[in-house]
Structures are given as C-alpha cells and as structure tokens.
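Notes follow the structure.
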Amino acid sequence: MKITLIAGSNRKDATSTKLLHYIRSLMQTEGIGVTLIDLYETPLPFYSADETSSHPHVKHLLEAVSQADGLVLATPEYHGSISGVLKNALDYVSGSIVGGKPVLSVSSAGGAVGVSSLTQLQAIVRNLHGINSPEWISIGSSQRFFDEDGAPLDEPTRVRVTQALNQFIRLTTALKASAV
Ligand SMILES: Cc1cc2nc3c(=O)[nH]c(=O)nc-3n(C[C@H](O)[C@H](O)[C@H](O)COP(=O)(O)O)c2cc1C
C-alpha cells in the first residue's frame, strides 16, 4: 500500500506538519509505503488554468498523488477555512488521479477545534471524486504540543489519531483489494 501525505502549511514549525510527521511514523511502523510532500519545503507556483506547469515540484506532486492508494491532507485552520497553499496544490490535482481513493483530512487550529477547514477540505475531496474517510482529525489549542519524538503530548489526542488512522488504513486496504 502506498500513501501520499500533503502538508498544507507555509510555516517552518507548523503543528499541522508535525501531526502529519507523526501519522507518517505510525504508518511506517505498519510497513506502509509513504511519500510526504511538505508545501513549505517544496513550494508550488500559483496554479493557472492557462498553462501546464513544468515545475519539478508540480511534477513530483502529481506523480505522488497518481501513484498513491490513498491520501492524507493536512491544513492549518485559516479564517475558518483551509490554507491558501493547500488549496493551490489541490487546484493542480484532478479527479482522474484522486477519484475512488480514500482521503483522510487533518487540521490544526488555534481554537479548540478546526472542523470548519475539515468540512471544506472534505467538500473539495468530494469534488475530486475521492472517498472521505469516516473520521477526520482536528487538533487545537493545547493539543498542538509534541514531544521530542514527535508524538502529541496529549494522550487522548494520540488515541484519537490512532483510531482515525486505523479506520483510514482499513478503508484503503479494502478498496485496494476490491480493485484487484
Ligand atoms: C491567517 C490566520 C488565520 C487563522 N484563523 C484561525 C481560525 O479561523 N480559527 C482558529 O481556530 N485559528 C486560526 N488561526 C490560528 C491557526 O489555526 C493556528 O495557529 C494553527 O495551529 C496553525 O497551524 P500550523 O501550526 O500548522 O501553522 C489562524 C492563523 C492565521 C495565521
């Protein structure tokens, strides 16, 4: 199984990206192949429908999404929505490479929860004909602290992340098996 994770923050020490790194480590422990695209480290030019971009970061993004059996998308909660850099990345992506694939959406918010961005992210996934995983993951406020190994300090948060991730892995496994 191959999973592509997209970190949708434009900030060096982003907590949404730290959460994605933690999710990646859990999947690697399960022997799952993962590719993580950090939009801070590999920024994309602004999408334009007028031209096909030959930028290497765009090429890498599209290949990683195409080859994946499932996706994990992470966003900071910005003004009740997703980040501009994640929306820009998703504008490059079409239903032809996302359609039928499970997608787990995760967010980090300054407030208690960041479900407004998650609701909007799931709407974008729906419009890309992806399959939204039944659970999403929101961390907010003091749940955004991580230990030196990269795990959330808050134990209930670690439990929630594991449960949502297991559900996503089960869904991806079932869909991959049924496609063969
Ligand atoms: C432009 C901007 C808008 C924000 N809007 C919200 C918001 O609507 N709700 C909220 O709870 N936090 C909001 N925040 C706080 C961020 O969600 C919070 O700092 C979050 O942890 C950022 O994620 P990151 O650590 O991955 O960058 C906002 C922060 C910025 C910079």
Side-chain angles (χ1 to χ4, degrees), residues 1-30 32-42 61 64-65 68-90 93 98 101-128 130-147 149-173:
M1 186 196 300
K2 283 189 262 179
I3 304 295
T4 292
L5 306 92
I6 303 176
S9 175
N10 201 23
R11 195 167 81 77
K12 185 165 177 279
D13 292 319
T15 52
S16 53
T17 305
K18 289 180 181 178
L19 176 59
L20 212 55
H21 284 175
Y22 177 61
I23 289 171
R24 176 176 64 176
S25 72
L26 294 178
M27 289 199 286
Q28 285 172 328
T29 304
E30 299 289 324
I32 295 169
V34 289
T35 300
L36 194 152
I37 294 179
D38 183 338
L39 296 172
Y40 171 74
E41 290 181 350
T42 53
L61 171 79
V65 171
D69 299 306
L71 305 172
V72 184
L73 306 177
T75 184
E77 178 101 354
Y78 278 176
H79 303 318
S81 187
I82 70 170
S83 68
V85 293
L86 181 60
K87 181 61 171 67
N88 185 54
L90 293 174
V93 168
V98 177
K101 294 179 181 176
V103 183
L104 173 62
S105 295
V106 313
S107 77
S108 172
V113 287
V115 296
S116 188
S117 58
L118 291 175
T119 303
Q120 295 183 26
L121 196 45
Q122 288 206 337
I124 295 170
V125 169
R126 171 65 191 84
N127 280 277
L128 287 167
I131 300 171
N132 282 302
S133 197
E135 297 293 329
W136 58 30
I137 303 170
S138 161
I139 59 167
S141 192
S142 61
Q143 296 166 345
R144 295 175 297 160
F145 297 118
F146 293 79
D147 67 21
D149 294 324
L153 280 176
D154 182 51
E155 208 253 337
T157 299
R158 291 199 299 274
V159 172
R160 274 195 303 118
V161 170
T162 301
Q163 287 173 343
L165 184 59
N166 286 343
Q167 209 167 26
F168 167 71
I169 292 169
R170 279 200 300 275
L171 177 63
T172 309
T173 303

Which distance, rounded to the nearest 0.5 Å, do you find between the CD of E41 and the CG of L36?
-> 8.5 Å
What is the distance from atom OG1 of T172 to atom CD1 of I3, rounded to the nearest 0.5 Å?
-> 4.5 Å
Is the backbone N or O of A68 less than 3.5 Å from a side-chain atom of K101, with the two atoms forming a donor-acceptor pair by type?
-> yes
Least distance between heavy atoms, L39 atom then G8 atom = CD1-CA, 4.0 Å
Could you state the interatomic distance from OG (S107) to CG (L118), rounded to the nearest 0.5 Å?
-> 3.5 Å
With side chains defined as the heavy atoms from C-beta onward, is the minimum distance between V34 and I23 less than 4.5 Å?
-> no
Hey, could you give me the CZ/OG1 distance between R24 and T35, rounded to the nearest 0.5 Å?
-> 9.5 Å
Looking at E77 and V115, what are the two nearest heavy atoms and their distance?
-> OE1-N, 3.9 Å
When rounded to the nearest 0.5 Å, the distance separating OH of Y78 from OG of S9 is 4.5 Å
Would you call M1 and I169 a side-chain contact if the rule is heavy atoms closer than 4.5 Å?
-> yes
State, with a plain yes or no, whether a side-chain heavy atom of L26 is found less than 4.5 Å away from one of E30.
-> no
Side chains of I139 and R160 in contact at under 4.5 Å (non-hydrogen atoms) = yes
Dump the intermediate steps for side chain to side chain donor-acceptor pair (under 3.5 Å) on S81 and Q120, then the final yes or no.
-> CA-CA 7 Å; S81 187; Q120 295 183 26; 2.6 Å; yes
Indicate yes or no for a side-chain donor-acceptor contact from R144 to the backbone of L19 under 3.5 Å, with no hydrogens or angles considered.
-> no
